[in-house]
Amino acid sequence: MALVLTEEQQMLRDSARGFLDEKAPVSALRKLRDTNDETGFSRDLWKEMAEMGWAGILVGEEFGGADFGFVGAGVLAEEMGRTLTASPFLSTSILAATALQKLGGDAQRQEHLPKISAGEAVFALAVDETRKHGPQKTAMKAEKYGNGFKLSGDKTFVADGQVADKIIVAARTAGAPGDAEGLTLFLIDAAAKGVARERTVMVDSRGAARLKFEGVEATGDDVLGEVDGGLAALEGVLNAGRAGLAAEMSGSAQTAFTMTMDYLKERKQFGTEIGAFQALQHRAAHLYSEIELMKSVTLKALQDLDEHYGMAGIICSLAKAKAGEVAKLASQEAVQMHGGIGMTDEFDIGFYMKRIRVAQEMFGDAAFHADRLAAMRGY
Amino acid sequence: MSDLETFRKDARAWLEENCPAEMRDGAGGEENICWGGRNWEFQSEAQKTWLNRMAEKGWTVPAWPKEYGGGSLSKEEVKVLKSEMRDMKARSPLESFGIWMLAPALLKYGTHEQKLHFMPPIARGEIRWCQGYSEPNAGSDLASLQCKCEDKDDHWLVNGQKVWTSYADESDWIFCLVRTDPKATKHNGISFLLIDMAAQGVSTKPIKLISGKSPFCETFFDDVKVPKEHASGIAAIVGDLNRGWDVAKYLLTHEREMISAGGGGLFGGRGMGEIAASEIGLEGGRLADPMLRGKIAQAEIDGWAFLLTLERMKDEAKAGQGVGANSSMLKYYGTEFNKRRFELLMDSGGSEALEWEGERTKDGKLARSWLRTKANSIEGGTSEVQLNIIAKRILQLPGA
Ligand SMILES: Cc1cc2nc3c(=O)[nH]c(=O)nc-3n(C[C@H](O)[C@H](O)[C@H](O)COP(=O)(O)OP(=O)(O)OC[C@H]3O[C@@H](n4cnc5c(N)ncnc54)[C@H](O)[C@@H]3O)c2cc1C
Ligand SMILES: Cc1cc2nc3c(=O)[nH]c(=O)nc-3n(C[C@H](O)[C@H](O)[C@H](O)COP(=O)(O)OP(=O)(O)OC[C@H]3O[C@@H](n4cnc5c(N)ncnc54)[C@H](O)[C@@H]3O)c2cc1C
């Protein structure tokens, strides 16, 4: 498959860009932050996105979705990254939709997917328990209890966990932390007895939570996929999230870069535009090259998820690692090349730096994915 | 079966029949290249047979038109042919500056007669070309070149010096940038001239590199008479008089693409991690040197992303979306990456990689290759020059 967007995907990109520039510019995120918005995103805006088919971009048509594939989802994530749009797109439309499409039983899909497509339900994926990503480290217990299970343990860094209606939780039905086997995914109602959540105010002003599960009851019907399905099933879902985050970071990095190039052509010091100084030109040209590499590997990861979902692990790690590093570089150079202005809250560039910091950490930073790649390649 | 699948089957059958067993060892590396030319000494009878059979078939340059010595294959067919050859580990039958650089320039700027005259001998590996661009005082600032070319009515008279001319001492002909109008502005008085190295007054002096080899030379022109036509109707100058800079620049884009793709040395072969694992060993399933392991993993990520970028740029060009100056980006990134890759190979080779002579290391093959890669970011325009081009052409920064 050619490593370019199809005409359909380009059209999606263009219409998304127009919509987001108008309805969700960075000032919208700024407002959410300044008003201490409890939800962390605009529900009206999310409804509008759902009407355009974005919420169900990965959902099959029989469940009201657009069935546009991972490249389509990545196109949207990238555009949202450009304007730093706050929405439950990653948690609900990429992670939960992938989990339900790939692992859900008929009843589960019929119950939940139409709600996702309609923008009526917000989902969150709760995996990590410690400060660094590591699904294999999962300690949360799901003990046998009657015909069902009882879940106990803590989750952290749960995107949109503060408002989610449903939470997909990774818990241990067997084995010990560190084992690849014995992991099971549960679909838990956020209002269930024993679930406590604490909204965490993060550097990027987006919504996230710490969750506490104390003897939360679940039945066999709440299991997503197989009991003891293990790491492999979860990794598929995480890979989709990683590629989505890579696309989002790609959008954020490209925008920060464009803003910086504009500034270099406009700001004058020493009697000339600062963009005329070779010290800045060479760094800008290097960054341009890195951004091109990031774009290639991100698109490839999304295409591979569409074409061979089960084998996209390495390429998704590559994309997440590369995008994380390049986007960090882009945000650092952006602030530095803007001089004093780049440090001000009034100027938008800081928002990019903050969101990129969070996105590169989520579901594994570059070091995590480099390690994973080395392990998969046998060294 | 689609036409392409039929072609694949036929091509494979032909290759199986015609590629000598010794030419199926997948050997790459500069020392195994067949460069051709009048002075060429074949490594083996098999190398000679392989070249001749492929040349006859038009497959040394499969994409060129048949009348110029090629196979008139479509892009897709060329891809299939290359993939079948890779699959068989068949060596490339012929590589040369004529193929990589001169021919693309001739195809765009040459006359039909020039193409008919000069291209078939390149395709057959009979004539080997070298590139006379750089001069002692014209490196990165190539357009300041001074090699003098005067119009003497029935011939051109060339006087001057070139430097860093790769393989000048083994080549038959040289494509050369010369100054035909000393009064014009820098870029406007240059012409692209073809000179027979056997002509009276041409001499070369090899220069030894840090790798211990002397693949390049100083090239001197003392009162060299170049006929205005090398044969009836075959002009010695390619393109218009005094418009050689256009030809030179176009050719450089091809050179850059060639260096970034082929010179990257990234295709085929074993990965850095795999090599390091076999050399240093594993502990608990991981490379025994954890810091090196991290560096290699990061480099593999970048290398992979770079290969995908080469692929994406090709696909974008096909879809008519590309940015021309991206060849500078690929040249910059690919060559810097190749240097980094060889540093890591030297790291994992440890003291064994430092041997310079002797059977065991094939006379320090790795160490010499490592040193050779240092030229990647200099030849064909330095990294800094590529960054300047990106800043100017793509980012459109002021004053660049
Ligand atoms: C937190 C903070 C506290 C500060 N406190 C004080 C204070 O107490 N008093 C005070 O007077 N000032 C203060 N400053 C201002 C500070 O000194 C300036 O921000 C700094 O000198 C840069 O100037 P600028 O912001 O105008 O950036 P610019 O000069 O516009 O620079 C923009 C970019 O261009 C680059 N650049 C500029 N010229 C060249 C060149 N010739 N070659 C290569 N690159 C170039 C810069 O390195 C930078 O990356 C403070 C700034 C900050 C951020
Ligand atoms: C192995 C090898 C093979 C070669 N083969 C050939 C050949 O076959 N034919 C041929 O014609 N030439 C050949 N060359 C020459 C090559 O093209 C030149 O070496 C190259 O263009 C650089 O020129 P220079 O060596 O004069 O360096 P200089 O131009 O003197 O550069 C010295 C340093 O200054 C930097 N610099 C120069 N200008 C700028 C600027 N504007 N901004 C920032 N930095 C700058 C350069 O990047 C470099 O780091 C070959 C070179 C090598 C190493």
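Each chain gets a letter, A, B and so on, in the order its sequence line appears, and its residues count up from 1.
- We find the CG-OG distance between B:N338 and B:S377 to be 9.5 Å, quoted to the nearest 0.5 Å.
- Contact tally against chain A (heavy-atom pairs below 4.5 Å) for B:E311, B:E384, B:K318, B:E336: the top residue is B:E384.
- Other residues, nucleotides and ligands contribute over 12 non-hydrogen atoms within 6.0 Å of the CZ atom of B:R8.
- Residue A:L264 touches chain B through both its backbone and its side chain, counting heavy-atom pairs closer than 4.5 Å.
- Applying the salt bridge (charged side-chain N to carboxylate O under 4.0 Å, His left out) test to B:R293 and every residue at least two apart in sequence or in another chain returns A:D371.
- Contact count against chain B (heavy-atom pairs under 4.5 Å) is highest for A:H282 among A:Q278, A:E273, A:H282, A:K265.
- A salt bridge is absent between A:K137 and A:D128: the closest approach of a Lys/Arg side-chain nitrogen to an acidic carboxylate oxygen does not fall below 4.0 angstrom.
- Qualifying salt bridge (charged side-chain N to carboxylate O under 4.0 Å, His left out) partners for B:E352, counting only residues two or more places apart in sequence or in other chains: none.
- Heavy atoms closer than 4.5 Å to chain A are found in both the backbone and the side chain of B:A305.
- Only the side chain of A:F257 comes within contact range of chain B, judged by heavy atoms closer than 4.5 Å.
- Judged by distance alone, the side chain of A:K300 and the main-chain N or O of A:C316 form no donor-acceptor pair under 3.5 Å.
- Across A:E292, A:E290, A:M261, the residue that shares the most heavy-atom pairs under 4.5 angstrom with chain B is A:E292.
- Judged by distance alone, with hydrogens and angles left aside, the side-chain atoms of B:E77 form no donor-acceptor pair with the main-chain N or O of B:L4 at under 3.5 Å.
- For residues 70-80 of chain A, the pairs satisfying salt bridge (charged side-chain N to carboxylate O under 4.0 Å, His left out) are A:R17-A:E79, A:E78-A:R82, A:E79-A:R82, with sequence neighbours left out.
- For B:K339 and B:E343, the salt-bridge test fails: no basic side-chain N is under 4.0 Å from an acidic carboxylate O.
- Looking only at side-chain heavy atoms (C-beta outward), B:L387 and A:R283 stay at 4.5 Å or farther from each other.
- Proximity to chain B is absent for every atom of A:E266, based on heavy atoms less than 4.5 angstrom apart.
- Contact annotation for A:I274: neither backbone nor side-chain heavy atoms come within less than 4.5 Å of a heavy atom of chain B.
- No donor-acceptor distance shorter than 3.5 angstrom exists from the side chain of A:D262 to the backbone of A:M259, with no hydrogens or angles considered.
- Per-residue heavy-atom pair counts under 4.5 Å with chain B were compared for A:L318, A:I314, A:V297, A:L299, and the maximum is reached by A:L318.
- Interface remark: A:L280 contributes no atoms to any contact with chain B (heavy atom separation under 4.5 Å).
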Does the side chain to side chain donor-acceptor pair (under 3.5 Å) test come out yes or no for B:E5 and B:S2, once each step is laid out? CA-CA 5 Å; B:E5 281 314 301; B:S2 74; 4.9 Å; no
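- When only modelled atom types and interatomic distance are considered, B:Y333 and A:H286 share no side-chain donor-acceptor pair under 3.5 Å.
- Among the residues in residues 325-341 of chain A, none has a non-hydrogen atom closer than 4.5 angstrom to a non-hydrogen atom of chain B.
- Residue A:A367 does not touch chain B at all, counting heavy-atom pairs closer than 4.5 Å.
- In this structure, chain A has heavy atoms under 4.5 Å from both the backbone and the side chain of B:L395.
- Residue contact with chain A, scored on non-hydrogen atoms closer than 4.5 Å, involves the backbone and the side chain of B:D302 alike.
- The contact between B:I394 and chain A is made entirely by side chain atoms (from C-beta outward), counting heavy-atom distances below 4.5 Å.
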